[in-house]
Protein chains: 2
Amino acid sequence: MVTMRDVARQAGVSIATVSFLLNDTKPVTAATRARIEQAMTELGYRRNVVARALASRRTHIIAMAYPALDHRFGFSAAEFFTSAADAARKQDYHLVLWPVGNDGMELRELVGQGLVDGVVLMEVQLEDPRIGILQKTETPFAMIGRTTELAGLSHVDIDFDTTVESAIGHLHGLGHRKLVLVSGDLTDPRFHNYGPYVRTEAAYRRIAAEYGVQVVVLECADTTRAGQEAAARLMREHPDTTAVLVLNEYAGLGVASGLNRLGYDVPAEISILALLMAPETAALSDPELTIMRTPGPELGQLGTEALIRQLEGADPLPPQLVAADLLPGATIAPPRRGKTHPKARVKSGR
Amino acid sequence: MVTMRDVARQAGVSIATVSFLLNDTKPVTAATRARIEQAMTELGYRRNVVARALASRRTHIIAMAYPALDHRFGFSAAEFFTSAADAARKQDYHLVLWPVGNDGMELRELVGQGLVDGVVLMEVQLEDPRIGILQKTETPFAMIGRTTELAGLSHVDIDFDTTVESAIGHLHGLGHRKLVLVSGDLTDPRFHNYGPYVRTEAAYRRIAAEYGVQVVVLECADTTRAGQEAAARLMREHPDTTAVLVLNEYAGLGVASGLNRLGYDVPAEISILALLMAPETAALSDPELTIMRTPGPELGQLGTEALIRQLEGADPLPPQLVAADLLPGATIAPPRRGKTHPKARVKSGR
DNA sequence: CTGAAAGCGCTTACAG
DNA sequence: CTGAAAGCGCTTACAG
C-alpha cells in the first residue's frame with residue numbers, strides 16, 4: 001500500500017505538506033504542489049479514508065436511516081436515496097443506506113460506533129423515537145419529513161398544503177365537484193403518527209371545503225389489494241364521485257385497476273390523480289396514472305445538503321418545503337356533463 | 001468519549017486485555033472478564049470501529065455494488081439487499097448499498113480508499129469490467145450472478161435451467177403446448193452481456209424442444225409499456241399461443257395489462273407465468289401474477305456468506321445455484337380444449 | 001492468563 | 001510556506 005509517507009519522500013517534502021495539499025487546509029506553493037502531485041500519480045497514491053477518519057474524527061460517511069420494516073423500499077425510496085447519494089458524493093461524502101427500525105434500536109447501535117458523521121432520517125414520524133437518540137448522542141442529523149415539535153430541527157419535507165391545493169385546483173378547474181380522498185390508514189399502529197397521512201388529510205379537508213367541493217375520506221392501507229377494495233367501497237358509497245385523489249403509491253395502482261375491473265372507464269367516467277407517486281410507479285398502471293410527482297430527487301438532495309452544512313459548520317439550511325408538481329398521465333379528464341354514472345358493468349374476472 | 005483506556009483503568013487491567021476480551025482473541029479468566037464487563041457497562045463503553053479498522057486493517061464493512069444506472073432498484077433488488085444486510089449483521093459486518101456504474105469507475109474509486117473489506121457484486125455481466133478491477137486491487141468479492149469465465153470466482157446465482165424446467169413442466173402438465181418466451185432485450189447494449197437473459201433464453205430453447213412444445217422468443221425491454229407492446233405483437237404473430245413466460249419484472253406487468261387491454265381473458269384464454277419476479281411486484285398486477293419467485297432472499301444471504309468466508313479465511317462456500325419456486329397467483333389455468341382463441345375484443349382505451 | 005509497547009496512516013496544533 | 005512531533009483509539013506480536 002502506498003502511503004502518504006511514500007509520497008512525501010518521493011516529492012522531498014514532509015507528510016504534513018502532503019496532507020495540507022490534499023485537504024486544501026494550508027497554502028502550498030505551485031512548485032511543491034507540482035512535485036507532490038507528480039509523486040502521487042507516479043506512485044498511484046490513494047488516501048486511506050480510515051486513517052483520515054481516525055485522525056480527524058470525521059469519517060465523511062453519512063447514513064440514510066430508512067425504516068425498512070415499516071415501509072417498503074420501492075421506487076420512491078430509491079429516488080430519495082440515489083439523489084442523496086449523488087449530493088453527498090459531490091461534497092466528498094459517502095452516503096450509505098442503513099436499514100433501521102422505527103424504534104431506534106439499530107440506530108443507537110449505529111451511531112455509538114463512530115462510523116458515521118451524521119444521519120439523514122427518512123420517513124419521520126410525528127413523534128419519532130429516533131430523534132431523542134440522535135440528540136442524546138449529539139449526532140448531527142437532518143430529517144426528510146417533520147416531527148410535530150420542530151424546535152430548531154433541520155428538516156426538509158413535502159409541501160402538502162401546496163400539493164393538495166394544486167391537485168384540487170386542477171380538478172376543480174376541469175369541472176370536478178365530487179372529489180374523494182383515498183388516504184392512508186391512520187388506524188394502523190405503524191402509521192398513526194405518520195406525517196404525510198395526517199398532513200395530507202388535513203390539507204384536503206381544509207382546501208376541499210374552501211373550494212366548496214364534497215369532502216369524503218376513505219382510509220386505505222398501502223397495497224394494491226387495499227386500493228382495489230377502496231375503489232369498490234368508494235363507488236358503492238359515493239357513486240356520484242367524479243374524481244378520486246389517492247395518497248399511497250400502491251393503493252393508487254389498486255384504485256386504478258379496481259375501477260377498471262369494476263367496469264368504469266377511466267378517465268371518461270371517473271378521474272384518478274395520485275398524490276405523491278414516483279413516475280416509475282405511475283408507469284406500471286394502465287392507463288398510466290396522472291400524478292403529483294413526489295419531489296424525491298429534490299428532497300434527497302436538500303436533506304443531504306442540510307446535514308452536510310451542519311457537519312461543515314456552514315450556515316444552516318433553512319427548512320425547505322417542496323411541493324409536488326403535476327405530471328400528466330392518462331387518468332384525468334373533465335367530468336361527464338349532466339349525467340350520472342352508468343351502472344357499472346361487471347367484467348369477467350376471478 | 002469513553003475509550004478502551006478508560007475501561008482498562010476502571011477494571012484495573014491493561015487495554016490489551018480489554019481488546020482480547022472484546023474480540024475473543026485470547027482467553028481471559030472469568031474474574032477479569034467480569035470486572036471488564038462491569039466497567040464497560042458502568043461507563044457505557046462502545047468500541048470505536050474506525051480505530052479498530054485502522055489497527056486491524058479490517059473495516060468490517062462490505063459494499064453491495066449495485067449498478068443503479070442500468071438496473072432500476074425495485075422490489076427484487078430490495079430483497080437482495082435487505083437479506084444480505086441481515087446476513088452481514090449476524091456476522092458482525094455492516095453491509096451498505098453502493099451505487100456503481102457497470103464500467104467500474106466508481107468501484108475503483110471505492111476500493112482504493114480502504115473503506116470496505118470486500119464487495120458483493122450484483123447484476124453481474126457475462127463479461128464484467130468490475131471483476132478485473134477487484135482482482136487487480138486484490139479486493140475480496142463474491143458475485144450474485146456469474147461471468148462466463150468462472151475460474152475460481154466465488155459466486156451464487158439463480159439456477160436458470162431448473163427454474164425454466166419447472167416452469168415449462170408445470171405448464172406442460174396442465175396441457176399447454178403453445179408457449180412463448182418474452183425474454184429480455186439482448187440488442188440493448190447495456191444487456192447484450194447480461195447472464196439472466198442469455199441463460200434463460202438458452203434454457204427455454206433447450207427445454208421447450210425437449211418437451212416438444214413450440215419455441216418462440218420475443219425480445220422485450222423491461223418496462224410496462226414494452227411488455228404491453230410485446231403482448232400485442234405476440235397475439236398478432238402467434239395467435240394460437242396458450243401460455244406466455246415473461247422474464248423481466250416490469251415487462252411481466254405489461255404483458256398482463258396488455259393482454260387484458262386487448263380483451264383476452266387471463267387465464268381462461270391465455271396463461272401468464274412470470275419467470276423471476278418478486279412477490280410484491282406480482283401483487284401489483286390484476287389478476288395477481290403467478291410467478292417463479294426470484295430467490296432474492298436466499299441469494300443475498302448466500303452471496304454475503306460467500307464473501308465473509310473469504311474474509312475470515314474459512315473454507316470457501318462452493319458455488320450455489322438456487323432455483324426459483326412457483327408461487328401461485330391467478331394467471332395460470334389449463335388451456336381451452338379444442339378451441340382457438342375468439343377474436344380479440346377491443347376495449348375502449350386510449 | 002496478562003501487560004508494555006509498537007504501529008496502523010493519517011491530521012493538526014505548534015514552531016519556525 | 002514547510003516541518004517535526006504528538007496523537008486519534010484501537011490491535012497484535014512479543015515477552016513474561
Side-chain angles (χ1 to χ4, degrees), chain A residues 1-37 39-40 43-61 92 94 111-117 311-313, chain B residues 1-37 39-40 43-61 92 94 111-117 311-313:
Chain A
M1 174 181 234
V2 181
T3 73
M4 204 173 255
R5 186 168 305 281
D6 300 322
V7 174
R9 188 183 309 123
Q10 171 114 346
V13 298
S14 75
I15 60 166
T17 306
V18 178
S19 176
F20 296 151
L21 173 65
L22 228 37
N23 295 306
D24 199 25
T25 39
K26 298 224 174 152
V28 169
T29 56
T32 5
R33 163 188 294 274
R35 288 214 312 286
I36 294 174
E37 283 176 345
M40 291 200 295
L43 297 172
Y45 171 73
R46 327 223 73 222
R47 130 217 268 165
N48 182 312
V49 298
V50 176
R52 162 155 94 139
L54 181 59
S56 67
R57 287 104 180 289
R58 305 281 304 284
T59 64
H60 279 238
I61 298 177
D92 191 26
H94 293 297
V111 299
Q113 298 183 121
L115 191 57
V116 302
D117 288 345
L311 297 176
E312 303 277 327
Chain B
M1 175 182 237
V2 181
T3 73
M4 204 174 255
R5 187 168 306 281
D6 301 322
V7 174
R9 188 183 309 123
Q10 171 114 343
V13 297
S14 76
I15 61 166
T17 305
V18 177
S19 176
F20 296 151
L21 173 65
L22 227 38
N23 296 306
D24 198 25
T25 39
K26 298 224 173 150
V28 170
T29 57
T32 355
R33 162 188 295 273
R35 289 215 310 286
I36 295 174
E37 283 175 345
M40 289 199 297
L43 298 172
Y45 171 73
R46 328 223 73 223
R47 130 218 269 165
N48 181 312
V49 298
V50 175
R52 162 156 93 138
L54 182 58
S56 66
R57 285 106 182 288
R58 305 279 305 284
T59 64
H60 280 237
I61 298 177
D92 191 26
H94 293 298
V111 300
Q113 298 183 121
L115 190 58
V116 302
D117 287 347
L311 297 176
E312 304 277 326

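In what follows, every chain begins at residue 1, and chains take the letters A, B, ... in the order their sequences are listed.
- Using the Watson-Crick or G-U wobble rule with both distances under 3.5 Å, dA15(D) pairs with dT2(C).
- Annotation for Arg58(A): atom CZ counts as buried by contact number, over 12 foreign heavy atoms lying within 6.0 Å.
- OP1 or OP2 of dC1(D) has not a single side-chain nitrogen or oxygen of Thr32(A) nearer than 4.0 Å.
- A straight line from CD of Gln113(A) to C1' of dC8(D) spans 18 Å, rounded to a whole angstrom.
- Distance check, rounded to the nearest 0.5 Å: CG of Leu21(A) to CZ of Arg35(A) gives 11.5 Å.
- At whole-Å resolution of the value, CZ in Arg35(A) and P in dC1(D) are 15 Å apart.
- Here the closest non-hydrogen pair linking Ala39(A) and Gln10(A) is CB-CG, 3.5 Å.
- Around CZ of Arg33(A), the count of heavy atoms belonging to other residues, nucleotides or ligands within 6.0 Å does not exceed 12.
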Generate the contact string for nucleotides 9-16 of chain C. Rules: B means base contact, S means sugar-phosphate contact only, - means no protein heavy atom under 4.0 Å. BBBBBB--
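- Phosphate proximity of dA4(D) to Ser14(A): absent, as no side-chain N or O sits under 4.0 Å from OP1 or OP2.
- Of the inter-residue distances, the one linking Asp6(B) atom CG with Ile15(B) atom CD1 reads 11.0 Å to the nearest 0.5 angstrom.
- Within the nucleic acid shown, Val49(A) has no heavy atom closer than 4.0 Å to any nucleic acid atom.
- When only modelled atom types and interatomic distance are considered, Arg47(B) and Asn23(B) share a side-chain donor-acceptor pair under 3.5 Å.
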